[in-house]
Amino acid sequence: MKNIISNNNELSIKSATKSIINEIDNVLDGIKEDEFKNFIKAINSSKNIFVTGQGRSGLVARTFAMRLTHIGFSCHVVGDTTTPNIDKGDMLIACSSSGTTSITCHIAGLAKRLNALVVVITAHPDSELSDYADLTIEIPARETDQVMPPQITAQFRSTLFEQSCLVYLDAAILTLVRLLNREEVEMTKRHANLE
């Protein structure tokens, strides 16, 4: 095994976390405020909210669905056995860094044909997925041919998008909690208790 004890800076948790936080901060500096405001309005006016995404983007979407449920929204993960049908007045949130993931594009297309509002969260706002969007939210952590330029991130492909997307969606939750005056006690009552 290669000797990795050559540079103490490379083994520092503080150095690694500071690099990651700085990268996320740089990405979120490029977020458009009008997209965020429109996103919050869309959530607040939807009957039911559905989320979809593949891989780690899908895990981020699931996390958001759980938090929306905690603050009182009707939210479902596409593909779960208990997910109901989507209809007019509902919203689909589709997360994909590339905007080309075939399953996510297919689901967004179905939701669009079923008259649901489609929100796309992507690093590539000019992608196929955005063709189905009523609202596209750009997380500016763009890859080129599946590789992130080293001056943008030191992390493996799509990682920075997924981290930034999670923080963005957590910011949406915090904003909704404040706007709707949600109390911790109220949200705790909706937390899963079959654990």
Side-chain angles (χ1 to χ4, degrees), residues 9-44 49-68 71 75 77-78 91-105 107-108 117-179:
N9 281 343
E10 291 175 9
L11 296 174
S12 165
I13 182 65
K14 287 184 180 178
S15 173
T17 54
K18 191 172 284 189
S19 292
I20 292 168
I21 290 166
N22 286 340
E23 287 179 6
I24 295 169
D25 193 43
N26 287 336
V27 168
L28 294 178
D29 272 348
I31 292 295
K32 297 178 180 75
E33 285 289 346
D34 59 329
E35 290 177 1
F36 184 75
K37 288 174 184 172
N38 290 334
F39 184 45
I40 296 298
K41 289 175 186 173
I43 292 169
N44 208 28
I49 300 164
F50 297 76
V51 303
T52 191
Q54 303 305 307
R56 287 177 27 143
S57 292
L59 295 175
V60 169
R62 282 179 169 270
T63 300
F64 187 54
M66 181 177 69
R67 286 293 181 237
L68 284 173
I71 61 176
C75 196
V77 176
V78 174
M91 174 171 66
L92 173 76
I93 301 168
C95 297
S96 170
S97 176
S98 68
T100 60
T101 308
S102 58
I103 296 173
T104 307
C105 289
I107 290 167
L117 180 79
V118 177
V119 175
V120 166
I121 304 177
T122 182
H124 295 267
D126 52 352
S127 62
E128 177 189 350
L129 186 58
S130 293
D131 292 343
Y132 305 108
D134 297 290
L135 171 62
T136 297
I137 295 165
E138 181 184 5
I139 305 290
R142 184 179 283 257
E143 300 170 351
T144 306
D145 296 323
Q146 310 303 325
V147 177
M148 198 68 110
Q151 68 271 21
I152 296 174
T153 183
Q155 301 180 78
F156 187 61
R157 55 177 284 201
S158 294
T159 301
L160 181 56
F161 169 83
E162 294 142 4
Q163 292 164 339
S164 301
C165 187
L166 177 62
V167 174
Y168 183 92
L169 294 174
D170 275 346
I173 292 296
L174 179 59
T175 300
L176 288 162
V177 166
R178 288 171 171 170
L179 286 172

Student: Within this structure, what is the CG-CD distance for the pair Asn38 and Glu33, rounded to the nearest 0.5 Å?
Tutor: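 Here the rounded value is 11.0 Å.
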Student: Roughly how far apart are Ile139 CD1 and Glu35 CD, rounded to 0.5 Å?
Tutor: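 One finds 8.5 Å between CD1 of Ile139 and CD of Glu35.
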Student: Could you go through the side-chain contact (heavy atoms from CB on, under 4.5 Å) check for Ile49 and Ile93 one step at a time?
Tutor: CA-CA 7 Å; Ile49 300 164; Ile93 301 168; 3.7 Å; yes
Student: Run the side-chain contact (heavy atoms from CB on, under 4.5 Å) test on Leu176 and Ile40 for me, step by step, so that the C-alpha distance in whole Å, both residues' side-chain angles and the decisive distance to 0.1 Å come before the verdict.
Tutor: CA-CA 7 Å; Leu176 288 162; Ile40 296 298; 3.8 Å; yes
Student: When you measure from the side chain of Asn26 to the backbone N and O of Asn22, does any donor-acceptor pair fall under 3.5 Å?
Tutor: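 At least one qualifying donor-acceptor pair exists.
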Student: If you compare all heavy atoms of Gly99 against all heavy atoms of Cys105, which two are closest, and at what distance to 0.1 Å?
Tutor: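 Shortest heavy-atom contact: O-SG, 3.6 Å.
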Student: How about Leu169 and Ile121: do any of their side-chain heavy atoms sit closer than 4.5 Å?
Tutor: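 With C-beta onward as the side chain, the pair touches.
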Student: Over all heavy atoms of both residues, which pair between Val51 and Ala61 is shortest? Give the atoms and the distance, please.
Tutor: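 The pair with the smallest heavy-atom distance is CG2-O, 3.5 Å.
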Student: Could you pull out the closest heavy-atom pair between Leu92 and Ala108, with the gap in Å?
Tutor: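 Minimum heavy-atom separation between Leu92 and Ala108: CD2-CA, 3.6 Å.
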Student: Could you work out, with ring-ring contact (aromatic ring centres under 6.0 Å, His included) as the rule, every residue matching Tyr168, not counting sequence neighbours?
Tutor: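 Here the qualifying residues are Phe36.
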Student: Can a donor-acceptor pair be found, under 3.5 Å and without considering hydrogens, that links the side chain of Ser127 to the backbone of His124?
Tutor: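 Checking the backbone N and O of His124 against the side chain of Ser127, a donor-acceptor pair under 3.5 Å is found.
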Student: For the pair Thr159 and Arg56, evaluate side-chain contact (heavy atoms from CB on, under 4.5 Å) and give the outcome as yes or no after the intermediate values.
Tutor: CA-CA 8 Å; Thr159 301; Arg56 287 177 27 143; 3.3 Å; yes
Student: Does the side chain of Ser96 come under 3.5 Å of the side chain of Thr104 through a donor N or O and an acceptor N or O?
Tutor: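 Thr104 and Ser96 do not have a side-chain donor-acceptor pair below 3.5 Å.
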Student: Measure the shortest side-chain to side-chain distance between Leu160 and Ile24 over non-hydrogen atoms and say whether it is less than 4.5 angstrom.
Tutor: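 A side-chain contact exists here, since the closest heavy-atom pair is under 4.5 Å.
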Student: Between Ser164 (side chain only) and Leu28 (backbone N and O only), is there a donor and an acceptor less than 3.5 Å apart?
Tutor: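 Not a single qualifying donor-acceptor pair exists.
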Student: If you take all heavy atoms of Ser57 and Cys95, which pair is closest and at what distance?
Tutor: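 So the minimum-distance heavy-atom pair works out to CB-O, 3.8 Å.
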Student: If every non-hydrogen atom of Ala123 is compared with every non-hydrogen atom of Glu138, which pair is closest and at what distance?
Tutor: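 Minimum heavy-atom contact is O-OE2, 4.2 Å.
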Student: Using modelled atom types and a 3.5 Å cut-off, is there a donor and acceptor pairing between side-chain atoms of Thr122 and backbone atoms of Ser97?
Tutor: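 Here the side-chain-to-backbone pair exists.
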Student: Could you give the distance from CG (Asp25) to CG (Asp29), rounded to the nearest 0.5 Å?
Tutor: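 Between atom CG of Asp25 and atom CG of Asp29 there are 5.0 Å.
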Student: Roughly how far apart are Leu68 CG and Thr63 OG1, rounded to 0.5 Å?
Tutor: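 So the CG of Leu68 and the OG1 of Thr63 are separated by 11.0 Å.
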Student: Less than 4.5 Å apart, side chain to side chain, heavy atoms only: is that true for Phe39 and Thr175?
Tutor: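 The answer is no, as the side chains (C-beta and beyond) never meet within the 4.5 Å cut-off.
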Student: To the nearest 0.5 Å, what is the distance between CG (Leu135) and CD1 (Ile137)?
Tutor: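 Answer rounded to 0.5 Å: 4.5 Å.
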Student: If you round to the nearest 0.5 Å, how far is CD1 of Ile21 from NZ of Lys14?
Tutor: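 One gets 12.0 Å once the value is rounded to the nearest 0.5 Å.
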